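Note that the coordinates shown come from a computational prediction; the quantities given were computed from them, not determined experimentally.
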There are 6 protein chains.
Amino acid sequence: MNVVITNPPRVGHKTAEALARFGVATVHEAQGRIGLLASSMRPIYPGAKIAGSAVTVSVPPADNWMLHVAVEQCQAGDVLVVAPTSACATGYFGELLACSLAARGVRGLVIEAGVRDVAALTRMRFPVWSKAVSAQGTVKETLGAVNVPIVCAGQLIHAGDLVLADDDGVVVVARLAVERVLRQSESREAKEEETRARLRAGELGLDIYGMREKLAGKGLVYRSAGLEG
Amino acid sequence: MNVVITNPPRVGHKTAEALARFGVATVHEAQGRIGLLASSMRPIYPGAKIAGSAVTVSVPPADNWMLHVAVEQCQAGDVLVVAPTSACATGYFGELLACSLAARGVRGLVIEAGVRDVAALTRMRFPVWSKAVSAQGTVKETLGAVNVPIVCAGQLIHAGDLVLADDDGVVVVARLAVERVLRQSESREAKEEETRARLRAGELGLDIYGMREKLAGKGLVYRSAGLEG
Amino acid sequence: MNVVITNPPRVGHKTAEALARFGVATVHEAQGRIGLLASSMRPIYPGAKIAGSAVTVSVPPADNWMLHVAVEQCQAGDVLVVAPTSACATGYFGELLACSLAARGVRGLVIEAGVRDVAALTRMRFPVWSKAVSAQGTVKETLGAVNVPIVCAGQLIHAGDLVLADDDGVVVVARLAVERVLRQSESREAKEEETRARLRAGELGLDIYGMREKLAGKGLVYRSAGLEG
Amino acid sequence: MNVVITNPPRVGHKTAEALARFGVATVHEAQGRIGLLASSMRPIYPGAKIAGSAVTVSVPPADNWMLHVAVEQCQAGDVLVVAPTSACATGYFGELLACSLAARGVRGLVIEAGVRDVAALTRMRFPVWSKAVSAQGTVKETLGAVNVPIVCAGQLIHAGDLVLADDDGVVVVARLAVERVLRQSESREAKEEETRARLRAGELGLDIYGMREKLAGKGLVYRSAGLEG
Amino acid sequence: MNVVITNPPRVGHKTAEALARFGVATVHEAQGRIGLLASSMRPIYPGAKIAGSAVTVSVPPADNWMLHVAVEQCQAGDVLVVAPTSACATGYFGELLACSLAARGVRGLVIEAGVRDVAALTRMRFPVWSKAVSAQGTVKETLGAVNVPIVCAGQLIHAGDLVLADDDGVVVVARLAVERVLRQSESREAKEEETRARLRAGELGLDIYGMREKLAGKGLVYRSAGLEG
Amino acid sequence: MNVVITNPPRVGHKTAEALARFGVATVHEAQGRIGLLASSMRPIYPGAKIAGSAVTVSVPPADNWMLHVAVEQCQAGDVLVVAPTSACATGYFGELLACSLAARGVRGLVIEAGVRDVAALTRMRFPVWSKAVSAQGTVKETLGAVNVPIVCAGQLIHAGDLVLADDDGVVVVARLAVERVLRQSESREAKEEETRARLRAGELGLDIYGMREKLAGKGLVYRSAGLEG
């Protein structure tokens, strides 16, 4: 159980960067509405957006020892993804660990627990998505595991899966699906761009999507306010 | 049930703009402490403030079809107000619908559910008050209703009621009460401005409001720390 | 019970300012991981940081009368700390009270309840840590107490204790412990500064803290991804 | 605003009793999935089930004075329905008020706030649906209103509407819709009884409801576990 | 900090038993509405009621080592009261510790965290008030303290204080106030018993408490439903 | 994606029954503290305890169509395990589906969503662990999947895994680990039974587990209350 898997396969940098042009909502739709982490995962500051290969960490409650172990397994372009084995809002991560990850080129942290030093992390522009902010520290007594499959905020994540995070939340894309999801995101985005232009010009979704007939078929009725009882 | 009421009476633009000079707290007080939506309704970015006539939408859980229907009923100066028939944090609304509403001059959205594309909505300065941010999409299968009375975040809202929202939350003012509440807000604000000046100058509320006697009458006692046990 | 304790002993301004150079996380660690308020206490805007002597207020649910009493007890450098006797998210505090406190040089407010006028408070840069934002007002009917010991967000706070608040939350330091905690914070910070530099240079925490042997002793195993079943 | 409406029209006892044979889920379905109070409203003991005409009460936060006023307006067969004007979990109601209501033949209480003395209420078999249990008491300082329309746990309720509550929660039926909803509940229940018998006998819903073709049409695929990759 | 205080003064058994005749709501009122723990503290089974001297335990997050230390400090008639230094819902306590406490005559447990083996605890009739039920276990690595003052669910509790718990929640009475609160509870209960009899006989609280004039003075208006707009 | 996997391998009935002799807490410990579902999953009535092979169902938000599909895949001894693709508290399951499952010998339901008809389910003694009770119904419009791996309340569950549920919550044991976990549970239980007897006889855990020396080594100090400052 207490194992560190080294050198898991990763998503290529170019692919990650290509996918990072799209938002979490777009990618979530493009891959068939799967992989979205719970909406309790919020960014510590607005405007951040990252995509990278997951280095996964399973940690005991209120114990961040394995984060130090995980740092060594991280490479440039990775995203650290952390899930405690029991629900816990303690502050597992702060400025020191962020310095260490930033030095290795890690893009950010996704953690289903608490973080601290958020003013410093904001100044460093080291983005974090967490379920809490808490100055409460942890101990270093019990082992966990690195790069094993984990469930984080309701989603199964394997080491090397692509993790994409922005102001809407966090989505995971299975490593082997990334190329396909990238193409689907591009095609969805192209279609949306066209729709966006038409909507901005004042056309209605009712007409663009051809919804009027289906609505009438389901029984939708229009009635003028003046005619109400 | 599945009805769209067209052309409900609305609050005049000038009145809405006049009321928008006051904050939600002031208006809530001025109208007798009624009409405040639950404090779980939060803005997606700080600093926004809007007032406008409500276009109300009742939607099924996880189904945003009626939002497309509602867009057509919106005019410049309106605020879209959406309540699901069952508690739901799914992302009903995103950038595309915002483009469509912005094109019609709609001032913002109040929704007792989730929204997505919040980075894009922030860039567009299209303000939203919601109870969640979630990239999870919805389906378009089941009808609802537009411009019927709805209960949103604990308050009854009719089409054409005035909805005012700022960083403190959201308050609804019944259409026929708007003129009266406007005058009461003005008078309250005038009084507060005077009090504010005196407080800034160092006068105490205890004296301005003449509270000392009433406090003593209720039995308030002062004791120097040095004399404690 | 309904008592106002006047002139409690306070922490010196220089000491408070010295402690304010450190963050809540550092001070919480330095004093042995005690005194942290519940993480439900959040700042109304990011980036604020204050330290000062607590003026404590015990208030009835939905009644802010005692805040007006407490203002008179405040001096420059104080922090107002408010706890209701029963859980309550009503808006006890707004712009008017903030004007009054700012005029006296009070540094901010910590309240286990709601606040309102947050746009105005943000413009004034009057920082507040609260558990809710709510425009709902209070009454002025029932007495409470000022400068008695209170429990706020899970921590016991005496008048004159030092309260430190930043983006991570709020921590209380007992008045008589402040000098000791200041020295411990300085020494902790000095050590961390050195570690930070080494981590930024790419050294690993595993080596800096000498963790490798202890990890192996507890049974941590490394396995290459390529060798997995 | 501070008004007591006397003698509102009520639902007849026979109709209420007839509707009480059905559960909240059945009635909610029968009336078109409207009128369900939020699922945070829970019974204080299992197994209770009531139906009756609503006597509505709007109360200030942490103030139960109007409950004493409301008692006088209650008749045998009524259900007291209480909503605070601001979210509040204080214990508004206990054994004494229950004795008073029981003496008048009131069937139970629905309150979007707290109750206390739940052991005594359980012994008396006086059922309550509330959002909290709390021994914290209230004051009697501020007026409210009786038998005005209120929003309770997200639903608009008028005096004299029928309120039905069981272990599943609480549903409101508009007074003028009660007869229609009763007939719809009876017809729904009759149909369900037949379905229940067939399901107990081992028939499948897939066949009873004729779902197989529609599922296949939407693209549902069956695959044997043995044939998986 | 890591200290066990032995043999704190306690409340006498007779006094505790006398106070246990009253409910939490009565005692909370009798002592002036102080000392009530947060309403998130719920009993694991209905119908239990205990009173006894507190043995207090401060525990680290997810670490129950100090509970084993605390058992030795417990005597017949005590109530074990446990608060973690950081919010935590882990299962600190189960059947084995309950066997040990029951063997010493301890009356029950109050814990602002999780418990497990609740089926066994229910069979043993060993009552627990907790904020969660969780099978997740703890470690035994870090010290805490026994019989020091703790804050549990928002209340300050000293070793030897009286703790009373029933279906309404938990209240603490300071040891030196117990005799006074007992007399106040008796007098309150006597008065309530008389009121209860009158209410059961159909008298109204409006008349018993003489509220009608005060209500009219505040402006309460009665209006017949038939005369509404 | 929209697939039904038929005839997954299952855990043998005898093994399931053997494991059902142990509680969730014991099995969770025995398998190394993994597999525990979030503590928000609560039984609808106390005292139920089940173990069986999981039939897993992935469902869209507020759509229970796939439950009807899943029934056909269930055999005697199975436990139905349901997770929505987006957080949802709607009532997916009620008496009719329970009749159908009971007719096939299914032992119970675990669902990270809402259920209804809980009074009827309690009378039938059909146990359910859910995160909510809600009478709100669902639609039957969108496909999902049966017997694919799902994440339910934070745990990854495969079809055919063993699911064990009691008053403490729900734990999953991987199918291939069941025999090993059974032996570990037996050995843990045997050891606990012996400890239980010694604790009941008044021996202390401090002595049974030999903790005194380790506690002293970590610096635990005993001090008599009489000697305190």
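Exactly one of I44(B), V118(B), T122(B) qualifies for a side-chain contact (heavy atoms from CB on, under 4.5 Å) with D167(A). That residue is V118(B).
Highest contact tally toward chain A, considering only L97(B), V115(B), V146(B), L96(B), is held by L96(B) [criterion: heavy-atom pairs under 4.5 Å]. For the set L204(A), V27(A), L215(A), D166(A), the count of heavy-atom pairs under 4.5 angstrom toward chain B peaks at L215(A).
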**OP:** Using the side-chain contact (heavy atoms from CB on, under 4.5 Å) rule, take C99(B) and T195(A) through it: C-alpha gap first, then chi angles, then the decisive distance, then the call.
**Re:** CA-CA 10 Å; C99(B) 285; T195(A) 309; over 6 Å; no
**OP:** Apply side-chain contact (heavy atoms from CB on, under 4.5 Å) to the pair V221(A) and N2(B), showing each step before the final yes or no.
**Re:** CA-CA 6 Å; V221(A) 172; N2(B) 296 136; over 6 Å; no
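To the nearest 0.5 angstrom, S100(B) atom OG is 12.5 Å from R196(A) atom CZ. A distance of 6.5 Å separates CG of L143(B) from NZ of K218(A), quoted to the nearest 0.5 Å.
Looking at L36(A), only its side chain comes within 4.5 Å of chain B, counting heavy atoms on both sides. Contact of R198(A) with chain B is not made at all, since no heavy-atom distance falls under 4.5 Å. For chain A, no part of A89(B) is nearby; none of its heavy atoms comes within less than 4.5 Å. Heavy atoms of K49(A) lying under 4.5 Å from chain B are absent altogether.
For residues 63-77 of chain B, heavy-atom neighbours of chain A at less than 4.5 Å comprise W65(B), M66(B), H68(B), V69(B), V71(B), E72(B), Q73(B), sorted by residue number. Of residues 135-142 of chain B, those residues with a non-hydrogen atom less than 4.5 Å from any non-hydrogen atom of chain A are, in numerical order, A135(B), Q136(B), G137(B), T138(B), V139(B), K140(B), E141(B).
Under the side chain to side chain donor-acceptor pair (under 3.5 Å) criterion, the residue pairs touching residues 107-119 of chain A are E17(A)-R107(A), R116(A)-E29(C), with sequence neighbours excluded.
Qualifying salt bridge (charged side-chain N to carboxylate O under 4.0 Å, His left out) partners for E186(B), counting only residues two or more places apart in sequence or in other chains: R21(B).
By the 6.0 Å contact criterion, CD on E213(A) is open, its count of non-hydrogen atoms from other residues, nucleotides or ligands being 12 or less.
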